[in-house]
Amino acid sequence: MSAKVHFIGIGGAGMSGIARLLLARGVSVSGSDARESHVLAELRRAGAEVWVGQDGSKLRDAAGAEGLGEYTVVRSTAIRADNAELLAAQQAGARILHRSEALALAMGADRVLAVAGTHGKTTTTAMLAVALRAAGVNASYAIGAEVPELGANAALGEDTVFAAEADESDGSFLNYRPEVAVVTNVEPDHLDFYGSAEAVHRSFQQFVSLLPPHGALVICADDPGAAALADWFMQEGGTGGRPSGARLWRYGRFEDADFRLLGQARELRVESSLWAEPVALPLMAPGEHNALNAAAALAAAAAMLSAAEAQQLSPVSDWPQRAAEALASFRGAARRFEFRGEHGGVQVYDDYAHHPTEVRAALAAARSLLSAPQGRVLVLFQPHLFSRTREFASDFAETLTAADQSWVLDIYPAREEPIPGVTSELITKAAAPSTEANVGTLILAADPQRAVAEIAAAAQPGDLVLTVGAGSVTEQAGEILQVLMNRASLPPGEPGRPS
């Protein structure tokens, strides 16, 4: 990689992490982003030259007399082909890398644990980094979200082990060369890129085929898509993708899992042939999905630390217990069922869920945290991508009825142009009317501010409000909290104050 690296969209969760890694390696880093943020401020403090707005002339000015030809320019799939800085870099003959290619270079010669899956990879990677460090292994990591327990979304460690989130959304996880590959689950998603469910499954087959002969695949036994991938991996006669000698370790509640998850809630434990008795895992993070994520983290750490090549890592002798203790207090990554506050007996959480399976898991976690028997789950949901809404409208509708009431915002387009006929109304219309007490209602909410006001007015002590989606809906979580605070400060009897 060149001595000078420029990131287009440096404030993004993935891009900022790679920038941090390169800064730590002594590389000169610059970057631009569409708007100011605390992430940009942190990168400036770390030594990066960062500006707001994407301007080809400013990039050329920053390059100076040496010119952009000396630069490596990093882009993500979200950067459009007509981006001014990308065009300037192309015209100047700069080396242009996808975000995943830059991360692969930042890994250097480290032994890589790559965490993939349709859902849960951010939390699992964060848990893995926490577990490794508790085990006495100072691993590097790169995660697609801020992680309070770690202090950042990426950092260089002193040991030659690297835990990385491997994003499958655009096929870029095939740029990594993992020694341990983790697959949390496999479901159809990102069909705007893949085109079909079969293509999604083929990409995961290619991913696990990247393992070396001494590598290991750690995979969820409870997920049908992952289980099918494990069966394919182990096929005899060369029809599967298993390199000769590579190991397969399953985790989950499945009876024959190599790392079997037992118990519920604060009584969770994991049993394995690698330790004499089950390891207690009393998680604070709610939901069965987080229990599986934690089991995946322990299994992946075991896969790395039990390998013959890991002898120089010298983990502490009781590392499984130490790792489990660290995971027990893990509160989650940013926007992964993140607690945003409580006012007047109403809890507010924010979650990045943008696939029906993820939304279902978030709602189950919310239901488990209700503080009163009569408490309700109120949801503000923002669909992400027109293509995903088109594919899963009825699934979203069915899933959201598990909440007591859901407001559905307009679609967050991200990288997509509108698709004729595809709106959030596809979701609200797909929800069949019901008089059953346990089936929630869906409300089309074109105006976010009106939705915030309605949710705050509806919320009563004991309720839980959850903002859900991968777009800008996270901003409404703070707004709902503010309205609740303002409402709580009103004198008794004033309009807007609950009776």
Side-chain angles (χ1 to χ4, degrees), residues 1 5 7 12-25 27 74 76-77 97-133 135 137-147 149-185 203-204 206-212 215-219 293 296-305 307 309-310 313 323 333-334 336:
M1 185 177 290
V5 180
F7 289 81
M15 299 282 267
S16 62
I18 304 168
R20 285 189 172 108
L21 293 169
L22 295 182
L23 286 165
R25 292 194 183 277
V27 176
V74 181
S76 68
T77 305
L97 296 179
H98 185 271
R99 174 183 54 80
S100 60
E101 295 173 310
L103 177 56
L105 289 173
M107 292 172 178
D110 286 356
R111 299 169 59 224
V112 176
L113 302 99
V115 181
T118 311
H119 327 291
K121 50 187 172 288
T122 297
T123 298
T124 301
T125 310
M127 286 181 163
L128 176 55
V130 167
L132 287 170
R133 294 202 163 193
V137 178
N138 192 343
S140 302
Y141 59 87
I143 304 163
E146 298 291 330
V147 183
E149 276 90 344
L150 295 170
N153 58 348
L156 283 182
E158 297 174 358
D159 290 317
T160 57
V161 173
F162 200 116
E165 179 177 345
D167 179 17
E168 87 291 350
S169 64
D170 55 4
S172 60
F173 66 161
L174 301 180
N175 287 322
Y176 307 129
R177 293 297 178 266
E179 181 173 321
V180 175
V182 182
V183 178
T184 58
N185 37 60
S203 72
F204 277 93
Q206 291 176 274
F207 174 67
V208 301
S209 298
L210 297 172
L211 287 166
L217 172 59
V218 175
I219 201 162
N293 292 339
L298 282 179
M304 177 61 75
L305 299 179
E309 295 78 11
L313 294 176
R336 273 62 180 182

Gap separating the [atom1] atom of [X] from the [atom2] atom of [Y], nearest 0.5 angstrom:
| X | Y | atom1 | atom2 | answer |
| --- | --- | --- | --- | --- |
| S100 | L105 | OG | CG | 10.0 Å |
| M127 | E149 | CE | CD | 9.0 Å |
| H98 | D170 | NE2 | CG | 4.0 Å |
| N153 | T125 | CG | OG1 | 12.0 Å |
| R133 | D159 | CZ | CG | 9.0 Å |
| N138 | T160 | CG | OG1 | 11.0 Å |

Query - Parallel, tilted or perpendicular, as decided by the 30° and 60° cut-offs, for the rings of F173 and F204 - result: perpendicular
Shortest non-hydrogen contact between [X] and [Y], atoms and distance:
| X | Y | value |
| --- | --- | --- |
| A142 | A154 | CA-CB, 4.1 Å |
| V218 | A299 | CG1-CB, 3.6 Å |
| P212 | P178 | CD-O, 3.1 Å |
| G14 | R99 | C-CD, 4.0 Å |
| F207 | A181 | CE2-CB, 3.8 Å |
| A24 | L156 | CB-CD1, 3.5 Å |

**Report entry** Check: A106 main-chain N/O paired with R25 side-chain donor or acceptor under 3.5 Å
**Finding:** yes
Does a side-chain heavy-atom distance below 4.5 Å link [X] with [Y]?
| X | Y | value |
| --- | --- | --- |
| L150 | I143 | yes |
| L103 | L21 | yes |
| V208 | I219 | no |
| L113 | L132 | yes |

**Report entry** Step-by-step side-chain contact (heavy atoms from CB on, under 4.5 Å) determination, D110 to S140
**Finding:** CA-CA 9 Å; D110 286 356; S140 302; 3.9 Å; yes
**Report entry** F7 and L22: CA distance, side-chain angles, deciding distance, side-chain contact (heavy atoms from CB on, under 4.5 Å) verdict
**Finding:** CA-CA 11 Å; F7 289 81; L22 295 182; 3.7 Å; yes
Query raised in the report: Among T123, D167, L128, whose side-chain contact (heavy atoms from CB on, under 4.5 Å) with V115 holds?
Result: L128
Query - Among V183, V182, V180, the one residue meeting side-chain contact (heavy atoms from CB on, under 4.5 Å) with L217 - result: V183
Query raised in the report: Does E146 pair with R20 as a salt bridge, N-O distance under 4.0 Å?
Result: yes
